[in-house]
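Following: one structure in structure tokens, then a few remarks.
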Amino acid sequence: MYSTVISGGIRGICCYLVQVEVDTAQGLPGFEMVGYLGSEVKEAKERVRVALKNAGFVMPAGKITVNISPADIPKEGTAYDLPVAVAILCSMEEVPRESLGDLLMIGELGLNGELRPVRGVLPVVRKAKAAGFSRCIVPKENANEGAVVEGIDVYGLTHLQEVVAFLKQYKAPVFSPAQAEFKKIFREQQEKQPDFEDIQGQETVRRAAEIAAAGFHHLLMIGPPGSGKTMIAKRMPSILPPMSMEESLEVSTIYSVAGLLKEKQSLVCTRPFLSPHHTISEHALAGGGRVPRPGVLSLSHRGVLFLDELTEFKRSTLEILRQPLEDKQVQIARSSGTFTYPASCLIVGAMNPCPCGYYPDRSRCSCSQSETDRYLHKISGPVLDRMDIVTETKKVDIAKLNDERGGESSADMLRRIMKARKMQEERFRGTGLSFNADMGPAQVRKYCPLEKEGQQMMEQLFSSMNLSARAYHKIIKVARTIADLEQSDRIERRHLAEAACYRRTDGKYWGRQR
């Protein structure tokens, strides 16, 4: 007898629906599975066989053939266990065929018949909703994750026997958390973030951080140890606008595919902040594996990726940043196909100006000129050229350090940033762009016209600072953000002058070696 069950699979971060077909026929006993299956999927037949036995079901003593369609797409993972078992039970007439209509299921089976959590439930349920399904069965540990999707009933079950009972009687708890609960979580997590009011002094760097957050410009901080670089970086998420529900679902999908959503965390509610150690490998940063999974760049999507001690990273690792800094995505090619992961993150780097960390203070710095040059040369010119804002953190004055009033709060900074973001939203409506940093040369010409005085200034800067075409456009884009913070429709000369001051890659430190 023939039966079929609908399930879902993950390839990269993309989801597709699959049809699990089962045919039972008389003949020599056998259990075959086909459909371009990975080793984990092929092993499902042993898990399913034992799980059915321990759940109290006797498999037919005939030929069982399972096909997971479409057969031209590689299948990986253990999520097909449950649909295969239910399809077999349907062919044995243990569950009514009509109960499988408009239903998608996914889950791994233990040998005792229990349902175990799997990766990628959130994108699978979203795909099912888009395809018109109204019900979905998932392991109970994944129920909250799947219930984030509105418009589809998600049933979190614990055992194969419970699944069969549900299919016979249509009774099981539906997980549908209220949106008000998610808004509460958003608010609570936002309040827990570190605040910029803890930063004493460093007005120049605070200003650079505000501009970076307003236009989503990449930021590099250079300064001696203990000058506050890490503190500032950790507070960057507090001045980024709160995530929308759509952004939260987008980021949560990446974490679901990576298997990083916990049972009690059905959504990533705040912007990610990741700070990998400088020994991180290229594959861990960009993503990798036989079937590539998202790396740190993609896990930082819509958030902040902080690279502390930037010069301590391997040069080959930093070179991976070239494409993501420009394209906002990571492409990984394998023999099994090409995988594309989103990587639209704000990159914040921090580094010392020399091996000892105190250059140019020669009263404390003992590094030779060649040692300093070698140290700075660990970061290539192309990577530096892609950093929009480079600023210097200096030693904090003791008077400011003891000032009990503290600095300006993140809330005050965020109010100005939100106004600047509102201008960008209106400017780029219908274009697919979100921030000033996203503009290409054509958009710079359209949205950032310069007056004659400003154009003459940029021509002088292009020659005197030996700018590349990319650096030239980055100065204009940063100037556009500075103007937005002042609610100015025009880019004035003072905006360009301030933006040019953030091109430190062409001056104080690296200028000596070029």
Side-chain angles (χ1 to χ4, degrees), residues 204 207-221 236 239-241 302 304-305 321-329 343-349 381-391 416-451 453-462 464-507:
T204 301
R207 171 67 171 174
E210 183 174 330
I211 296 170
F216 221 69
H217 301 289
H218 303 305
L219 172 66
L220 175 60
M221 295 177 287
M236 286 298 296
I239 59 173
L240 292 174
R302 302 295 183 191
V304 177
L305 174 58
L321 296 174
R322 288 196 191 187
Q323 181 205 11
L325 282 171
E326 292 289 312
D327 300 339
K328 310 297 184 181
Q329 62 182 18
S344 180
C345 57
L346 175 62
I347 294 181
V348 178
V383 171
L384 283 171
D385 204 41
R386 286 166 167 81
M387 301 302 292
D388 303 68
I389 298 174
V390 182
T391 187
R416 293 192 296 269
I417 290 170
M418 291 296 290
K419 291 180 180 179
R421 285 288 183 93
K422 183 66 176 178
M423 291 186 67
Q424 294 173 62
E425 181 182 340
E426 295 173 356
R427 178 182 302 129
F428 300 129
R429 182 173 286 117
T431 65
L433 303 178
S434 300
F435 316 106
N436 289 331
D438 296 337
M439 290 188 289
Q443 289 79 28
V444 170
R445 288 191 294 270
K446 180 178 180 180
Y447 298 111
C448 304
L450 300 180
E451 297 178 350
E453 187 180 24
Q455 188 63 53
Q456 291 175 347
M457 179 181 179
M458 287 305 300
E459 290 174 1
Q460 294 173 357
L461 291 173
F462 187 82
S464 62
M465 297 179 68
N466 194 24
L467 299 175
S468 66
R470 180 187 291 111
Y472 174 85
H473 287 130
K474 283 188 178 296
I475 289 178
I476 297 177
K477 288 188 284 187
V478 171
R480 177 67 269 173
T481 300
I482 295 171
D484 289 345
L485 285 169
E486 297 182 2
Q487 299 294 287
S488 172
D489 293 326
R490 298 185 303 131
I491 300 177
E492 300 179 7
R493 182 184 177 90
R494 57 193 171 88
H495 301 147
L496 293 169
E498 182 179 357
C501 290
Y502 296 124
R503 294 304 304 176
R504 301 301 292 271
T505 55
D506 302 284

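Just so you know, these numbers use all the heavy atoms, side chains as well, and skip hydrogens, waters and symmetry mates.
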- Message: Within the structure provided, determine whether Gln443 and Thr431 are in side-chain contact (heavy-atom separation under 4.5 Å).
- Response: no
- Message: Per the ring pair (Phe, Tyr, Trp, His ring centres under 6.0 Å) rule, what does the pair list look like for residues 475-495, sequence neighbours excluded?
- Response: none
- Item | From Met465 atom CE to Met458 atom CE, the distance as rounded to the nearest 0.5 Å | 8.5 Å
- Working to the nearest 0.5 Å, report the span between OG1 of Thr391 and CE of Met221. 9.0 Å
- Task: Can you measure from NE2 (His473) to CG (Asp388) and round to the nearest 0.5 angstrom?
- Result: 13.0 Å
- Message: Tell me the closest heavy-atom pair linking Ala437 and Phe216, and the distance in Å.
- Response: CB-O, 3.2 Å
- Item | Atom of Ile347, atom of Met387 and distance for their closest heavy-atom approach | O-CE, 4.1 Å
- Item | Euclidean distance, Glu425 CD relative to Lys422 NZ, rounded to 0.5 Å | 4.5 Å
- Is the shortest heavy-atom distance from the side chain of Leu485 to the side chain of Arg207 under 4.5 Å? yes
- Message: Tell me if the CD atom of Gln487 is crowded by more than 12 foreign heavy atoms within 6.0 Å.
- Response: yes
- Query: Quick check: does any side chain N or O of Arg386 sit under 3.5 Å from a backbone N or O of Pro324, one acting as donor and the other as acceptor?
  - Reply: no
- Query: Is the closest side-chain heavy-atom distance between Arg480 and Val444 below 4.5 Å?
  - Reply: no
- Query: What is the distance from atom CD of Glu498 to atom CD of Glu492, rounded to the nearest 0.5 Å?
  - Reply: 12.0 Å
- Which value, rounded to the nearest 0.5 Å, describes the distance between Glu326 atom CD and Asp438 atom CG? 11.0 Å
- When every non-hydrogen atom of Ala212 is compared with those of Leu346, the smallest separation belongs to O-CD1, 4.3 Å
- Side-chain heavy-atom pair Leu461, Met457 within 4.5 angstrom cut-off: yes
- May I ask you to decide if the ring planes of Tyr472 and Phe462 are parallel, tilted or perpendicular, using 30° and 60° as cut-offs? perpendicular
- Message: Quick check: closest heavy atoms across Ala209 and Ile239, and the distance to 0.1 Å?
- Response: O-CD1, 3.8 Å
- Close side-chain approach of Leu450 and Leu496, heavy atoms under 4.5 Å: yes
- Indicate yes or no: at least one non-hydrogen side-chain atom of Arg427 is less than 4.5 angstrom from one of Asn436. yes
- Specify the closest pair of heavy atoms between Pro382 and Arg322, including all atoms of both residues, with the distance to one decimal. CG-NH2, 3.3 Å
- Inspect the contact between Arg503 and Asp385 and indicate whether a charged nitrogen and a carboxylate oxygen are less than 4.0 angstrom apart. yes
- Message: Contact between Lys474 and Tyr502 at the side-chain level, heavy atoms closer than 4.5 Å - yes or no?
- Response: no
- Residues Ile211 and Ile482: closest non-hydrogen pair is CD1-CG1, 3.7 Å
- Query: Do Asp489 and Met423 touch side chain to side chain, with heavy atoms closer than 4.5 Å?
  - Reply: yes
- Query: Ignoring hydrogens and geometry, is there a side-chain-to-backbone donor-acceptor pair from Arg302 to Cys345 under 3.5 Å?
  - Reply: no
